[in-house]
2 protein chains.
Amino acid sequence: MSNLTDKFAALADETRLSVVERLLDEGELPAGALVADATISGPAISRHLKVLRAAGLVHQRADGTKRFYSVRPEGLRAISEWTMDHRSFWEAGLDRLEALLAEEEE
Amino acid sequence: MSNLTDKFAALADETRLSVVERLLDEGELPAGALVADATISGPAISRHLKVLRAAGLVHQRADGTKRFYSVRPEGLRAISEWTMDHRSFWEAGLDRLEALLAEEEE
DNA sequence: ACATTATTTAACACATTTGTTAAATAATGT
DNA sequence: ACATTATTTAACAAATGTGTTAAATAATGT
């Protein structure tokens, strides 16, 4: 499904990271909606979406002439899993992570 | 401390990701040890280390003529926190993450 | 069939990244 | 002071990435 460095590379661009975050916040959106709010051209956004898709971070769904994009959970999970593999290193104790978990379990 | 896209960019290169993973596995290492196992030149590795440092992912410590590198927990944590901020999206239930936690709590 | 709307692909310019080798810097030992 | 060891900086070529505008493709409505 494309490798981890491809995913990091995809998120290494401010425009692409913004697109992903917007799709996470607002859910599925057509390319046009992303172009509308961007400062760069349609073709530029289109190519950024292609990079995100190649990295396995977003999914494309066609409906009429529109192309709806959404974040692929597996894509984000791959990154999360990498950090989790090394969690014992960056997390001194389990307290912090457990606190995060507890927060959302309410 | 440099932003998130810089960290993603730093990890978007296979050589740099390998360096980080090696430092995670083996702990602090001098630049020379990383050069020894690399297929590319010393200067190339040196510049990769500079990128990782600028991204806040590794720390450099001087001892004599040697420069020891190690992973900065805060650097990895920044990435982990980004995925955690969107955890509810990529993680259908909490089962999977809890399983991961349980694994290491033994 | 033709026009419209939505999006992508092509062609190109410019900037950034990544590798190389040679030279510079820095600390240590003789 | 000088040589040695460890690493970085400089200069440059080749590859990659990002933006632009113009043209191509695709689905839908008239």
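A note on names: the letters A, B, ... follow the listed sequences, proteins ahead of strands, and every chain is numbered from 1.
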Notebook entry, point to check: Rounded to whole angstroms, how far apart are CZ on B/Arg16 and C1' on C/dG19?
Noted result: 13 Å
Margin query: Nearest whole Å is fine: how far is C/dA6 P from A/Phe68 CZ?
Written below: 11 Å
Item checked: Sequence neighbours excluded, every pair satisfying side chain to side chain donor-acceptor pair (under 3.5 Å) that has a member inside residues 26-40 of chain B -> B/Arg22-B/Glu26, B/Arg22-B/Asp37, B/Glu28-B/Arg61
Check: Is the phosphate of C/dT7, meaning OP1 or OP2, less than 4.0 Å from a side-chain N or O of A/Lys50?
Finding: no
Check: Using a cut-off of 4.0 Å on non-hydrogen atoms, how would the nucleic acid contact of A/Gln60 be classed: base, sugar-phosphate, or nothing?
Finding: sugar-phosphate
Notebook entry, point to check: What pairs with A/Thr83 under side chain to side chain donor-acceptor pair (under 3.5 Å), at least two apart in sequence or on another chain?
Noted result: none
Next item on the list: Go through the side-chain N and O atoms of A/Glu81 and B/Trp90 and say whether any donor and acceptor fall under 3.5 Å apart.
Entry: no
Check: Do you know which two heavy atoms are closest between A/Thr5 and A/Asn3, and how far apart they sit?
Finding: OG1-OD1, 3.0 Å
Next item on the list: For A/Leu52 and D/dG17, give me the distance from atom CG to atom P, rounded to whole Å.
Entry: 14 Å
Next item on the list: Hey, could you give me each pair passing ring pair (Phe, Tyr, Trp, His ring centres under 6.0 Å) that has a residue in residues 51-74 of chain B? Not counting sequence neighbours.
Entry: none
Distance-only donor-acceptor pairs under 3.5 Å for side chains of residues 40-56 of chain A, two or more places apart:
from, atom 1, to, atom 2, distance (Å)
A/Ser41, OG, A/Ala44, N, 3.3
A/His48, ND1, A/Arg16, NH1, 3.1

Checklist line | Distance in angstrom units between B/Leu17 CG and C/dT18 P, rounded | finding: 13 Å
Check: Roughly how many Å is it from CD in B/Glu14 to C1' in C/dT17, rounded to a whole number?
Finding: 16 Å
Next item on the list: For A/Ala12, enumerate each residue passing the side-chain contact (heavy atoms from CB on, under 4.5 Å) test, keeping only those at least two apart in sequence or located in another chain.
Entry: B/Phe8, B/Ala9
Next item on the list: Give the minimum heavy-atom separation between B/Leu57 and B/Lys7, together with the two atoms involved.
Entry: CD1-O, 3.9 Å
Check: Which whole-number value in Å describes the distance from B/Leu49 CG to D/dT7 P?
Finding: 10 Å
Notebook entry, point to check: What would the secondary structure line of DNA chain D be in dot-bracket form, counting Watson-Crick and G-U wobble pairs under 3.5 Å, with [ ] for pairs that cross earlier ones and | for pairs with another strand?
Noted result: ||||||||||||||||||||||||||||||
Checklist line | B/Lys66 to B/Pro30 - nearest heavy-atom pair and separation | finding: CD-CB, 4.3 Å
Check: Taking atom C1' of C/dT7 as reference, at what distance in whole Å does atom CZ of A/Arg61 sit?
Finding: 15 Å
Notebook entry, point to check: Touch check for B/Arg53, heavy atoms < 4.0 angstrom, all strands: base, sugar-phosphate only, or nothing?
Noted result: nothing
Check: For every nucleotide of nucleotides 19-30 of chain D, 5' to 3': is a protein heavy atom under 4.0 Å from its base (B), only from its sugar-phosphate (S), or from neither (-)?
Finding: BBBB----BS--
Note to self: Under 4.0 Å, counting only non-hydrogen atoms across every strand here, what does A/Tyr69 touch: a base, just sugar-phosphate, or nothing?
What the structure shows: sugar-phosphate
Check: Starting at CG of B/Leu29 and ending at C1' of D/dA6, how long is that distance when rounded to a whole Å?
Finding: 15 Å
